[in-house]
Each structure stands twice: as structure tokens, then as C-alpha cells.
Amino acid sequence: MLIAGDGQWKRSIASKRFQFTQSVVLMLLPALLTGCGGGSMGPGSPAVTLSTNSLSFPDEAPGGASPAQAVTVTNSGTAALNITSITVAVNFQEIDDCGSPVAAGSHCPINVTFVPTTTGNLQGVITVADNASGSPPSITLAGQGVSSGPPPAATLTGYCFGTITIQPNHCALVQDLASCPVGQVASQPAFVTGCLPPTSQSVDTSTSCQGKTIRFPSPGLTVKGSCVVAQ
């Protein structure tokens, strides 16, 4: 489009239009730069907090197992916590629910049990390997393995086990409360076998007893032998 007038006036209008545009850009530029500053923030990182650093268990006999004690693993950081492994010392066992990533602010449990294989002061650690700074954290474990003590004494049951007098190769079980008082401690407990039909019993070989059969193999047969002890 042509504008009346000399060329100087037209150039002046064009120049003013450029200056205006440039001023707007310069005013907006700081605001644009400020808005982009958030992109420099990092992605965050996980952090581990344990509910305890040590566990002590009550005395337990070898072969037994104590009640489980719980440890809570909390991700106190700002990114997901990846637990790669949980290892526990001999004489202790663990069951956990920490297999999947633990979100920031979340937690998972580890249940630890004392399972001694021997006696004495038994110690160890449980270690949690993960992607947090300072990994792996650990928890000290302690328990006392104790002897279960001597087995309970064998006692008489009130019954007599021995051979049938008219059938020497056959045995039967009869009651004899007089010779085999219930609860008396057996002085020479032993396990006997070999009667027909194939039968065996734990008896006190230091005793002698007798009685009459009630049903097996037929009523009224005399049996002589030793007092039966509780197994």
C-alpha cells in the first residue's frame, strides 16, 4: 500500500514499528527465562530409615524357633527405593515384603526369627542392600542358644508286656497296677522286640509283672514280662 508523502516519513513509521516490537521482546525475555529455571531441579533420591538398629531374642533351644520380631524399612527420600537383597546371618531367618520398589514416604516390613542350630551366645546381622546413599544399612541380631535339658524320665504306665505262658513265642499286653504303679520312674528302660505276632514295647527291664488277657489273643491267658514305660 502506498502512503502519501515523502520517503523519509515512511521510513520513520517502519522504524518506530521495529522499535516497538523489540521493546516487547526485551520486556518478556526475563519472564520467559525465569519460567525455565525449574527444569534444572534434580529427579530426587531415596533414603532409608530403619525402625531399629538391633534385635535381641529370648533364649531358644537348638532346633526351635522364637516368635518373630518386626523391623520397618521406610523410604524417607524423594524417589523410589529399590531393595536388591536382604541377607541374614546363620541362626536367624527373615521373611519380608520388600520385593517391589518402595515409593517415597512408604515402608515395608521385615520379620526376623531366631532359629539356633547350636548353644551359646549367637550373634549376627541382617543387611539391606538398596539404591540409597550409604547402602547397605544393617541390623545387629543377638540370641542365646540354650540346652533343652535332659529328656523327661521314663515312667511306668500300669501295664505289663510279656510272653503268654502257654505260647512262649507270643506276647500280649495286660494290666498290672500292683507291680507297675502308674508314674513310677523306670530304672532300666529299654526297647524290646521279637514277639509273635511282630510286637514291640518300651519296658523297664528291672521289673517283673503278670496278668490275665481280656481279649487278645483270647481271654484268661496268663502273661509274664516287664512293666511298660511311657515313650
Results of side chain to side chain contact (heavy atoms under 4.5 Å, CB included) for Ser45 - residues two or more places apart only: none
Taking only distance into account, with no hydrogens and no angle test, what donor-acceptor pairs under 3.5 Å do side-chain atoms of residues 97-112 form with protein atoms, sequence neighbours excluded?
none

Heavy-atom closest pair, residues Pro46 and Ala132: O-CB, 3.7 Å
Reported OH-to-CD distance for the pair Tyr159 and Gln201, which is rounded to 0.5 angstrom: 11.5 Å
Residue pairs fulfilling side chain to side chain donor-acceptor pair (under 3.5 Å) with at least one residue in residues 118-141, sequence neighbours excluded: Asp130-Ser135
Contacts of Asp96 that satisfy side-chain hydrogen bond (donor to acceptor under 3.5 Å, both in side chains) - sequence neighbours left out: none
Distance-only criterion, 3.5 Å: show the donor-acceptor pairs between side-chain atoms of residues 217-229 and protein atoms not counting sequence neighbours.
from	atom 1	to	atom 2	distance (Å)
Thr222	OG1	Lys212	NZ	2.7
Ser226	OG	Thr207	O	3.3

Val203 vs Val192 side-chain heavy atoms within contact, under 4.5 Å: yes
Distance in Å, Ile139 CD1 paired with Gln69 CD, rounded so as to fall on 0.5 Å steps: 10.5 Å
Shared hydrophobic cluster for Val48 and Leu55 (ILVMFWY, side-chain gaps under 4.5 Å): yes
Test item: Thr78 side-chain N/O and Gly44 main-chain N/O as donor-acceptor pair under 3.5 Å: no
Intermediate values then yes/no, side-chain contact (heavy atoms from CB on, under 4.5 Å), Ile126 and Leu141: CA-CA 7 Å; Ile126 183 169; Leu141 309 172; 4.2 Å; yes
Qualifying residues under side chain to side chain contact (heavy atoms under 4.5 Å, CB included), relative to Thr49, sequence neighbours excluded: Thr74, Ser76
Heavy atoms of other groups near Gln93 CD, more than 12 under 6.0 Å: no
Side-chain donor or acceptor of Thr193 paired with backbone N/O of Ser200 under 3.5 Å: no
Please tabulate, one pair per line, all N/O donor-acceptor pairs under 3.5 Å involving side-chain atoms of residues 175-185, not counting sequence neighbours.
from	atom 1	to	atom 2	distance (Å)
Asp176	OD1	Ala178	N	3.4
Asp176	OD1	Ser179	N	3.1
Asp176	OD2	Ser179	OG	3.0
Asp176	OD2	Gln210	N	3.1

Considering all heavy atoms, the nearest Pro136-Val128 contact: CB-O, 3.1 Å
Residues, nucleotides or ligands: over 12 heavy atoms within 6.0 Å of Phe92 CZ: yes
Under the side chain to side chain contact (heavy atoms under 4.5 Å, CB included) test, residues paired with Ser66 that sit two or more places apart: Phe57, Glu60, Thr113, Phe114
Side chain proximity check, Thr52 to Leu50, heavy atoms < 4.5 angstrom: no
Evaluation steps, side-chain contact (heavy atoms from CB on, under 4.5 Å), between Thr163 and Asn169: CA-CA 7 Å; Thr163 59; Asn169 294 326; over 6 Å; no
Ile214: partners by side chain to side chain contact (heavy atoms under 4.5 Å, CB included), with sequence neighbours left out: none
Non-hydrogen atoms of Pro116 and Gly145 that approach each other most closely: CB-CA, 4.3 Å
Connected-component partners of Leu196 among ILVMFWY, side-chain separation under 4.5 Å: none
Qualifying residues under side-chain hydrogen bond (donor to acceptor under 3.5 Å, both in side chains), relative to Ser56, sequence neighbours excluded: none
Residue pair Asn91, Val115: steps toward the side-chain contact (heavy atoms from CB on, under 4.5 Å) verdict: CA-CA 5 Å; Asn91 297 307; Val115 285; 5.7 Å; no
Listed partners of Ser187 passing side-chain hydrogen bond (donor to acceptor under 3.5 Å, both in side chains), at least two apart: Ser206
